[in-house]
Amino acid sequence: MRGFGACFRAELSDLLRHPLAWLAAAATAITAIAVGLSPTTNDHNGWLVYEAALSASALAAGFFLLGIAAGSIASDRTRGTIRWIMPRPIARSGYVLGKSAAILLLAVGLLVVAAGSSYLVAAPRGFDDVTAMSSDDDEAGGGFDFVEEETIPPEFQADAMRGYAFGVTLRALPALWVLAAIGLFVSAIMRSAAGAVIAAIGCALPLQFLPELFGLSTDSARILPQRAATDAFAQLAEYGQRHAGEPWHEYTMGAGMGALALCIGLPLLAALIFQRLDLTD
Amino acid sequence: MTTAAVQCEGLHKRYGPHEALRGLDLTVPEGALFGFLGPNGAGKSTTLRILSGLVRADSGSAAIFGVSAREHVGAVCRAAFLIENAIFPAQLTARRVIRRTAEYMGVDADETVLERVGMTHALNRKTGGYSHGMKQRLGLACTLLGKPDLLVLDEPQNGLDPEGLRTIRGILREEQQRGATVLVSVHRLAEVEGLCTHAALVIQGRIARQGAIDVLLGSDHPRFCLRTDDDARAADALRGAMPDVAIDNSNGALVLDGDDDRAAAAAAACIAAGLRVFEMAPVRRSLDELYRTEVGR
């Protein structure tokens with residue numbers, strides 16, 4: 001692991017100077033604002049606007065993160081700067097994991113941008129109880145319908161929604177980290193930066209379909225981690241008890257753990273494979 | 001017994017169907033200024049890449065000061081490398097490159113190395129705008145950080161102007177005088193002959209010849225030069241008196257293969273033929289000649 005700190009600082013410094021990182025932050029913020037101001041979310045409660053804006057902006061951040069991570073190690077090989085770095089007293093594992101840590105930190109930064117922008121755009125709607133909920137309306141081609149609720153269920157009261165929003169935010173972090181980890185893994189084993197970016201996107205796309213393997217529709221899988229996160233972070237005991245026994249609960253927790261395992265395991269695996277490679281450009 | 005700064009034994013490396021190294025054995029004595037020669041594709045860069053830890057050998061061993069090159073590069077900082085053309089992140093200035101290199105190496109960021117390579121004028125310019133020669137100078141400056149015991153330089157003269165070549169020659173000599181070992185891959189043979197104390201010639205992935213320059217250029221193939229008042233007559237006289245000796249009178253003087261005894265016999269034969277002998281001196285083989293002989297084999 002020798003050289004971890006030096007490589008981490010160098011990568012972080014490069015990322016802060018890299019136009020792509022700033023473009024990613026700008027695109028993330030713009031996406032959140034655009035979704036928040038979109039007519040489809042115009043009448044929503046602030047919590048729902050926050051969730052919609054955050055989900056979209058985190059997706060934008062994820063794409064950038066995937067590209068940045070996929071280019072990180074491969075571009076050192078493509079440009080030839082690897083010949084400047086690696087003959088120093090730096091362990092290859094230190095190099096890969098140092099870069100990984102910097103990019104995972106960038107993911108945290110982008111999430112802060114996404115959450116901050118989403119909050120700012122949602123705040124004017126007010127963070128009260130949700131008195132109207134949205135759902136997909138197949139007959140109307142997937143648009144939003146609003147169903148007035150006479151009695152507000154506990155999960156749509158402001159406290160529950162606060163936990164829900166917090167859970168949604170936290171849930172996005174392992175998702176971003178997984179994308180970064182996939183990018184880093186591909187970057188470590190490929191010579192070409194462009195090839196690594198394409199391959200990383202190709203590898204990330206099938207993740208969308210993993211829920212199908214568990215017999216769950218993509219839509220339900222999308223909502224489940226949010227509820228699980230609510231359960232975990234909102235301290236809503238009643239809500240938690242009510243949903244703990246549901247069959248998807250274990251799946252969502254499993255998916256969360258799986259995501260964490262991937263974002264730790266993939267850089268480690270990348271470091272292991274990188275040890276054996278000939279670093280030619 | 002002299003310690004070897006670099007010791008490679010039986011190095012093999014294959015890139016797909018191409019066998020780059022075929023059992024290369026190399027010994028670089030400590031304190032030497034060692035020229036590493038060979039035609040393109042002979043395996044020089046592959047050897048230096050293995051020493052730098054960039055490439056893994058298929059078999060054989062490579063050691064720096066007795067420590068496996070692989071462990072050496074990852075663990076300690078006694079060697080510095082400039083592998084092929086120096087390339088740096090385009091957005092970094094020379095000053096930042098030096099600082100970052102020092103951080104990678106765990107040594108002080110001593111900016112005086114930039115003075116040594118004549119780069120102080122471009123200290124705060126981004127390397128993306130540098131010429132090839134400027135990048136080479138900066139690459140050399142990076143290798144000087146921390147006063148390494150071994151400098152491994154792969155064609156450092158590439159892209160340098162005459163002033164840059166003089167600078168690099170001066171630095172290599174200074175480093176050797178400081179006590180460092182320098183292993184430098186060079187294409188210009190005359191440069192090696194005038195600069196290096198030792199050399200090795202790589203051909204098709206093996207070392208064809210290696211050792212001290214003086215030994216490589218003289219001891220195994222002694223020759224002497226003879227100048228008389230009539231070289232044509234002298235050549236005839238010598239062919240008669242010494243029919244087994246190779247004589248070359250194509251370059252305005254007689255050059256004969258042979259040791260001191262042969263030289264004395266040749267002088268006697270010329271005098272006996274009524275010729276006046278003006279000069280007789282040993283002829284050192286040029287590196288170019290050695291190179292052409294070995295590569296042509």
Side-chain angles (χ1 to χ4, degrees), chain A residues 1-23 68 71-99 101-102 188-189 191 193 271-281, chain B residues 13-16 20 45-46 48-58 64 69-93 96-97 99-107 126-128 135 138-139 142-143 145-146 148 151-154:
Chain A
M1 282 288 282
R2 189 183 163 114
F4 172 86
C7 291
F8 169 73
R9 285 188 292 276
E11 182 69 13
L12 201 57
S13 164
D14 285 349
L15 284 173
L16 291 176
R17 289 160 199 278
H18 204 303
L20 200 55
W22 291 104
L23 190 62
I68 291 170
S72 63
I73 297 170
S75 67
D76 270 342
R77 296 179 72 183
T78 307
R79 289 182 301 182
T81 43
I82 196 95
R83 286 189 267 113
W84 166 56
I85 301 168
M86 289 317 292
R88 317 288 162 201
I90 291 172
R92 290 191 181 192
S93 55
Y95 168 77
V96 172
L97 297 178
K99 273 184 174 282
I189 61 174
R191 276 189 197 178
L272 197 67
I273 293 172
F274 197 67
Q275 298 275 1
R276 300 168 185 277
L277 296 179
D278 284 339
L279 303 180
T280 51
D281 39 82
Chain B
K13 180 65 191 175
R14 181 181 277 281
Y15 296 112
S45 290
T46 299
L48 300 188
R49 279 172 179 268
I50 289 172
L51 285 170
S52 72
L54 286 169
V55 167
R56 308 297 196 208
D58 294 338
I64 296 172
R70 195 167 168 166
E71 292 168 25
H72 185 280
V73 170
V76 290
C77 181
R78 288 185 70 190
F81 297 85
L82 173 59
I83 302 296
E84 290 177 27
N85 301 331
I87 298 174
F88 308 98
Q91 75 277 14
L92 297 186
T93 62
R96 282 202 167 273
V97 165
R99 284 184 190 165
R100 192 172 287 185
T101 309
E103 191 175 6
Y104 285 143
M105 297 178 75
V107 299
K126 290 185 176 176
T127 61
K135 287 180 187 167
L138 183 55
C142 290
T143 64
L145 282 169
L151 277 86
V152 178
L153 311 170
D154 190 4

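As the structure is a computational prediction, the values presented were derived from the model and not from experiment. Quick note on labels: first sequence line is chain A, next is B, and so on, each numbered from 1.
- Neither the backbone nor the side chain of B:Val152 has a heavy atom closer than 4.5 Å to any heavy atom of chain A.
- Proximity to chain A (any heavy atom under 4.5 Å) is shown, for B:Glu103, by both the backbone and the side chain.
- By the side-chain contact (heavy atoms from CB on, under 4.5 Å) test, B:Ala102 is found to be paired with B:Val107, B:Ala109, B:Leu145, residues two or more places apart in sequence or in another chain being considered.
- Residue B:Leu82: no heavy atom, backbone or side chain, is found under 4.5 Å from chain A.
- For B:Arg14, the side-chain contact (heavy atoms from CB on, under 4.5 Å) criterion is met by B:Glu19, B:Asp58, not counting sequence neighbours.
- Between B:Tyr104 and A:Trp84, the angle of the ring planes goes over 60°, which puts this pair in the perpendicular group of the 30/60° scheme.
- Note on B:Ile87, B:Ile83, B:Thr101, B:Leu54: by heavy-atom pairs under 4.5 Å with chain A, the leading option is B:Leu54.
- When all heavy atoms of B:Arg56 and A:Asp278 are compared, the pair lying nearest together is N-OD1, 2.8 Å.
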